[in-house]
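Counting from 1, the numbers follow the sequence of the chain as shown.
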Amino acid sequence: MTYSSKYSSFAAPRLLSAGLLCASLSCCMVGPNYHVPASPTPPAYKEPAPASAITVPAGEAWWKVFNDATLDDLEKQAIALNPDIHIAVAHVHQADAV
């Protein structure tokens, strides 16, 4: 059996991977004169108060926080047109009572 190249079948991939390793490692070098850039820090944060400071009404009127008349109307329609929800809530309260 004769080979057409002077390298064996295992030498070529090893040379290629070694060359790629050397090339990739040389790209990671930063240099001797690198210094961290100075970034000024603000004296105080300019963000609003955290969301936990907003009081959310508990119970059935949770959507009142948004102060939107359209949302209020939609919620009234949803409550009026979905008696199944009232039945489900009654079942939950009944199960809690048992």
Nearest-0.5 Å distance, CG of residue L74 to CH2 of residue W63: 11.0 Å
As an exercise, state the distance from OG1 of T70 to CD of E75, rounded to the nearest 0.5 Å.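 That separation rounds to 12.0 Å.
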Considering residues at least two apart in sequence or located in another chain, which fulfil the side chain to side chain contact (heavy atoms under 4.5 Å, CB included) criterion with H91?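 Only I87, Q94 meet the side chain to side chain contact (heavy atoms under 4.5 Å, CB included) criterion with H91.
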